[in-house]
2 protein chains.
Amino acid sequence: MNLKTLAEALGLSQTTVSRALNGYPEVSEATRKRVEEAAVRFGYRPNSRAKGLATGRAMLIGQVIPTTTQHEMVNPVFGDFVAGASQTLARHGYDMLLTRVPGDDEGKVYREFRARGAVDGVIIQAPDVRDDRIALLNQIGLPFIVHGRSTGVEEPYSWVDVNNTQAFRRATEFLLQLGHRRIALINGLERMDFAFRRRKGYLQALEAAGLAPDPLLMCTDEMTEQFGHHKTRYMLGLDDPPTAFLCSSMLSAVGIRRALQDLGLTMGRDVSVIIHDDDLSYLRNGDDIPLFTATRSSVRHAGELLADALMQLINDPDHPPITRLLEAQLVVGSSTGPAPLRAARLPS
Amino acid sequence: MNLKTLAEALGLSQTTVSRALNGYPEVSEATRKRVEEAAVRFGYRPNSRAKGLATGRAMLIGQVIPTTTQHEMVNPVFGDFVAGASQTLARHGYDMLLTRVPGDDEGKVYREFRARGAVDGVIIQAPDVRDDRIALLNQIGLPFIVHGRSTGVEEPYSWVDVNNTQAFRRATEFLLQLGHRRIALINGLERMDFAFRRRKGYLQALEAAGLAPDPLLMCTDEMTEQFGHHKTRYMLGLDDPPTAFLCSSMLSAVGIRRALQDLGLTMGRDVSVIIHDDDLSYLRNGDDIPLFTATRSSVRHAGELLADALMQLINDPDHPPITRLLEAQLVVGSSTGPAPLRAARLPS
DNA sequence: AAGAAAATTTAAAGCGCTTTGAGACGCCCA
DNA sequence: TGGGCGTCTCAAAGCGCTTTAAATTTTCTT
């Protein structure tokens with residue numbers, strides 16, 4: 001059933017039927033009602049591609065699946081983020097187009113998106129420090145918004161980000177107030193902007209307290225469970241081990257917990273842990289009382305806000321960049337406590 | 001830059017240029033070379049919608065984001081599955097269209113997909129027992145393939161699934177061989193087919209061993225970390241507690257581990273645990289030696305196979321249904337051991 | 001060298017929709 | 001009675017591509 005046959009069935013012209021269905025005022029209410037009814041009865045829905053060709057809109061938002069180049073890992077926050085964003089997009093009649101790039105040729109995909117008119121806008125995930133995708137997208141003129149920011153990029157662009165620096169500064173200060181002096185940082189890959197900023201916050205707090213950072217207590221890698229486990233064991237074997245861990249990911253913190261329990265140590269008493277909690281639906285940080293003390297910010301909510309902003313940008317091409325900085329909550333759980341008099345160490 | 005201007009720039013007709021770019025044999029090699037070169041030079045890419053309108057293909061595969069109706073949870077396997085599937089789709093020139101349904105009106109989306117011609121095929125996730133989406137899709141004639149199967153659906157359809165029954169039967173047998181008699185099943189929601197089959201495998205093994213299943217040792221819910229934690233504490237508080245746990249999800253098993261460690265119990269000695277391991281990239285089950293004994297099957301790989309099969313179905317509409325049953329490996333880790341003489345119990 | 005066959009190239013129709021510019025109709029008022 | 005003005009409807013062009021059917025050029029055969 002297409003517009004033509006529907007119009008014929010109604011004894012009207014295609015124009016009138018199209019207008020009736022798209023809410024134009026030039027159609028009498030009686031006609032509109034009649035048309036809408038028939039459309040429902042015949043199960044008519046306008047062909048996406050024909051409509052898109054005529055209107056110049058794809059009603060799709062592009063997103064490249066974020067795989068970390070090295071190990072082709074899929075970020076665990078991806079699912080929740082997409083769920084949040086696409087819920088909002090759906091409300092505006094948009095769907096999400098997902099694509100996977102062989103190699104790290106993401107720029108090529110964006111150029112193609114533009115040339116093919118495949119999407120009306122793009123969401124950029126996991127920006128690096130000085131991410132060159134931003135300049136590229138500004139240049140090719142495809143509406144976009146970044147989930148996160150990119151330190152060192154001066155040109156204007158739209159973004160939604162968590163205040164990572166502040167979150168990790170506050171978390172570090174909190175540990176310092178509890179008397180911890182040797183605080184480890186288990187961070188994501190520091191070429192990624194969020195990790196860079198978290199380290200910055202951590203360093204700011206140490207510096208304000210007059211403490212020199214110890215390179216031995218800072219590490220950075222893919223945020224897997226195993227990474228947290230390995231590094232915890234390693235650090236607790238140091239001559240001067242940490243009494244607290246600041247960890248960028250819930251998943252790595254599960255590894256920290258495993259390492260501590262392997263060693264018979266109690267989290268919150270022998271060793272304190274603070275994590276960043278993206279509030280993932282399948283990896284909740286406790287029900288009422290959080291398991292981990294955490295800087296919390298829902299990535300799903302970020303997806304919703306970001307999608308809303310992108311809709312604005314697309315509907316008004318001259319709209320100035322939209323930026324939105326979300327503050328993470330510092331929620332206190334049972335994984336933190338006063339620094340022990342004597343640091344726990346690996347039995348050697 | 002569109003076909004018309006490119007053709008004009010080359011002094012050729014649109015037809016010839018189109019044919020040259022699409023590899024038709026009626027074009028001389030010299031012309032083809034010239035056209036291809038110009039296309040690259042001008043950065044020409046055919047408009048997706050125009051091409052789709054002319055060919056009747058969308059070059060998109062639809063997928064509804066699987067949110068568990070109750071809590072709007074995003075399945076953690078989703079990310080890895082999508083990564084696998086879209087890699088294969090990309091090789092065939094397809095992208096993935098993601099959409100979110102308000103409510104549980106998934107059927108409406110498929111009808112719309114079809115009526116709008118929005119996608120060329122569809123991937124069905126997380127089938128229930130007697131899932132009515134299958135009949136619907138067969139009826140509306142949209143090519144589709146199911147990730148999983150649906151017990152009770154008699155009509156033919158294409159699917160890629162892990163042999164869940166066999167996997168859990170073998171896992172249970174393995175525990176029985178180790179001397180365990182009280183084996184708990186921490187399962188996903190049993191309206192879902194995979195969970196239903198896993199229970200079936202578990203029950204088969206018990207029956208073969210002449211053991212009666214104990215309802216107190218079987219539970220089913222969203223497979224969160226907390227679910228595993230709660231249930232483990234609960235079951236170890238029973239009068240006749242289990243000595244082993246069979247768990248449908250790595251994430252819930254992390255909760256089991258936490259509960260055991262809370263209680264000062266050692267996994268693999270006091271209590272044995274076997275999990276199903278989807279081999280998620282951020283949640284690896286150990287490097288060389290698996291942490292958990294597991295029935296392992298890569299969901300990413302399943303995504304690749306499934307996408308390949310869907311491509312076949314789309315390219316040949318008369319192709320009979322494709323089915324592919326994957327066997328899970330039973331890999332032995334350090335979470336299993338002989339049944340203890342005396343079951344560990346919660347101190348009361 | 002002429003005619004047939006093969007190799008290229010082309011004009012134009014069509015995919016299903018939106019939208020422009022114009023037409024038909026009814027109504028009111030001078 | 002005729003013109004002016006809303007209101008409603010329509011024919012047709014156009015979005016950018018593919019593809020059919022036909023035209024043109026080149027190559028081969030005798």
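All values derive from a computational prediction rather than experimental measurement.
- Spacing between atom CG of A/N22 and atom C1' of C/dT19 amounts to 11 Å, rounded to whole angstrom units.
- We find that NZ of B/K4 is positioned 15 Å from C1' of C/dT10, with the value rounded to whole Å.
- For the pair A/E26 CD and D/dT7 C1', the computed distance is 10 Å after rounding to whole Å.
- The side chain of A/N47 lies closest to C/dC17, out of D/dC10, C/dC17, C/dT9.
- The residues A/D193 and A/R149 are annotated as not salt-bridged, no charged nitrogen and carboxylate oxygen being separated by less than 4.0 angstrom.
- A donor and an acceptor atom, one from each side chain of B/T31 and B/S28, are located under 3.5 Å apart.
- Relative to the side chain of B/L53, the nucleotides D/dC17, C/dC15, D/dT19 differ in distance, and C/dC15 lies closest.
- Side-chain contact between B/I145 and B/I124 is absent, with no heavy-atom pair separated by less than 4.5 Å.
- One can place CZ of B/R116 at 17 Å from C1' of C/dC15, the figure rounded to the nearest angstrom.
- If you check distances only, the side chain of A/S18 never reaches the base of C/dT19 with a donor-acceptor pair under 3.5 Å.
- In this structure, A/S13 does not reach the D/dA11 phosphate: none of its side-chain N or O atoms is under 4.0 Å from OP1 or OP2.
- Residue A/T31 places at least one side-chain N or O under 4.0 Å from the OP1 or OP2 atom of D/dT9.
- Note on B/T15: a base of the nucleic acid sits closer than 4.0 angstrom, heavy atoms only.
- Nucleotide C/dG16 holds its P atom 21 Å from the CE atom of A/M59, rounded to whole Å.
- The separation between A/Y24 atom OH and D/dT9 atom P is 16 Å, rounded to whole Å.
- Considering only side-chain atoms of B/A54, the nucleotide from D/dT19, C/dT18, C/dC15 that sits closest is C/dC15.
- For A/Q14 and C/dT20, the CD to P distance is 16 Å, given to the nearest whole Å.
- For the pair B/L10 CG and C/dT9 C1', the computed distance is 13 Å after rounding to whole Å.
- Across all strands shown, A/R49 has no heavy atoms under 4.0 Å from either base or sugar-phosphate atoms.
- Side-chain atoms of A/D278 and A/F81, non-hydrogen and from C-beta on, never get closer than 4.5 Å to each other.
- Between the side chain of A/N47 and the backbone N or O of A/A50 there is at least one donor-acceptor pair closer than 3.5 Å.
- In terms of phosphate contacts, B/Y44 brings no side-chain nitrogen or oxygen within less than 4.0 Å of OP1 or OP2 of D/dG16.
- Under 4.0 angstrom from either OP1 or OP2 of D/dT18 there lies at least one side-chain N or O belonging to B/K51.
- On a pure distance criterion of 3.5 Å, no polar donor-acceptor pair joins the side chain of B/R57 and the base of D/dT18.
- At a threshold of 4.0 angstrom between heavy atoms, the contacts of B/T55 are confined to the sugar-phosphate backbone, with no base atom among them.
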